[in-house]
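See below for the structure under consideration.
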Amino acid sequence: LSPVCLGSLRRAASINAEYMGPKHISGVRRGDMWVHSAFLIEGQIASDMIPFHKLSQWLCNTLIEAIELCGIKVTDLTALTALAEYRNGGLLIDTGTLKLKDPRYQSERTWAVGSELAVEWRAMTVMMIDELAKIVRKRLGKTEAELPLSNILEGGTWRAGRRLAKRLRKDGSPPLKIRLDGTVFKRNRMMEIKKDSF
């Protein structure tokens, strides 16, 4: 059987994704892409937009295992990023690895998924989980091919984030309350990485 390129799988998983997410000024929905003013470059269109595409990537991760169990190899797995969702991101805040610069942000307030705080949290999650994955592989003596990011997410960060949230909060909710809308489940202004985290 011929191998399947991840790009093809991702395009299939993204069908109709444009109908989700916020509407662009043109009126076209852009999927799981959000704006952060820290990235805005005057005169450069969409410079302030950050793509996450969490749902399509989650679907790809789910399909990869099933496809490979059928004896079909999926290539280019390194094109996937960490999932920008509240279990992975919650783990980083709950362990103190990622800190809110203003503790008042972590209150009873519910943040919109498109708020700069939520966008920044998700972007930092993707970046930091990628770094964490490198450390885990090094400690276990595994290559990226032997221990892909999907395994680290499912068996590690997502599960640990869920357990820690349950231990710290009776309802198991994430440390930041995000108002979900169905699409989600430079410098950062509102968060900082704890020194010597990596």
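The chain is numbered in sequence order, starting from 1. This structure is a prediction, so every number in the text was calculated from the model and none was measured.
For the atom pair CE (Met33) and CG (Asp48), the distance works out to 9.5 Å, reported to the nearest 0.5 Å. The distance from the NE2 atom of His36 to the OG atom of Ser47 is 13.0 Å, given to the nearest 0.5 Å. Thr157 OG1 to Asn88 CG: the interatomic distance, rounded to the nearest 0.5 Å, is 3.5 Å. We find the CD-CD distance between Glu42 and Gln44 to be 10.5 Å, quoted to the nearest 0.5 Å. The distance from the CZ atom of Arg137 to the OG1 atom of Thr143 is 8.0 Å, given to the nearest 0.5 Å. To the nearest 0.5 Å, atoms CD1 (Ile64) and CG (Leu69) are separated by 12.0 Å.
Looking at heavy atoms from C-beta onward, Ile129 lies in side-chain contact with Leu153 at the 4.5 angstrom threshold. Annotation: side chain of Trp34 is not in contact with side chain of Ile50 (no heavy-atom distance under 4.5 Å). For the pair Leu98 and Met128, the minimum side-chain heavy-atom distance is below 4.5 Å. For the pair Arg109/Lys177, no side-chain contact is recorded, criterion being any heavy-atom separation below 4.5 Å from C-beta on. Using a 4.5 Å heavy-atom threshold, the side chains of Leu132 and Thr97 count as separate. Trp121 has its side chain out of reach of Leu100: every pair of non-hydrogen atoms, C-beta onward, lies at least 4.5 Å apart.
Hydrophobic clustering of Ile, Leu, Val, Met, Phe, Trp and Tyr side chains at less than 4.5 Å, counting indirect connections, keeps Met124 apart from Leu164. Hydrophobic clustering of Ile, Leu, Val, Met, Phe, Trp and Tyr side chains at less than 4.5 Å, counting indirect connections, unites Leu140 with Ile152. Taking hydrophobic clusters as Ile, Leu, Val, Met, Phe, Trp and Tyr residues chained together by side-chain heavy-atom distances below 4.5 Å, Leu63 shares a cluster with Ile72.
In this structure, Glu68 contributes its side chain and Val74 its backbone to a donor-acceptor pair below 3.5 Å. Between the side chain of Glu144 and the backbone N or O of Ala133, no donor-acceptor pair lies under 3.5 Å. Put simply, the side chain of Glu85 never gets that close to the backbone of Lys54: no donor and acceptor are under 3.5 Å apart.
For CZ of Arg163, the number of neighbouring non-hydrogen atoms (other residues, nucleotides, ligands) closer than 6.0 Å is 12 at most.
Shortest non-hydrogen contact noted between Ser173 and Ala165 is O-CB, 3.7 Å. Between Val126 and Ala82, the closest heavy-atom pair is CG2-O, 3.6 Å. Taking each heavy atom of Val35 and Glu116 in turn, the nearest pair found is O-CG, 4.3 Å. Taking all atoms of both residues into account, the shortest heavy-atom contact from Thr81 to Leu149 is C-CD2, 3.4 Å. Nearest heavy-atom pair across Leu91 and Thr95 is O-OG1, 2.8 Å. The shortest non-hydrogen separation linking Ala112 to Ala118 is O-CB, 3.5 Å.
Relative to the ring axis of Trp158, Arg162 does not place its NZ or CZ within 45° and under 6.0 Å from the centre.
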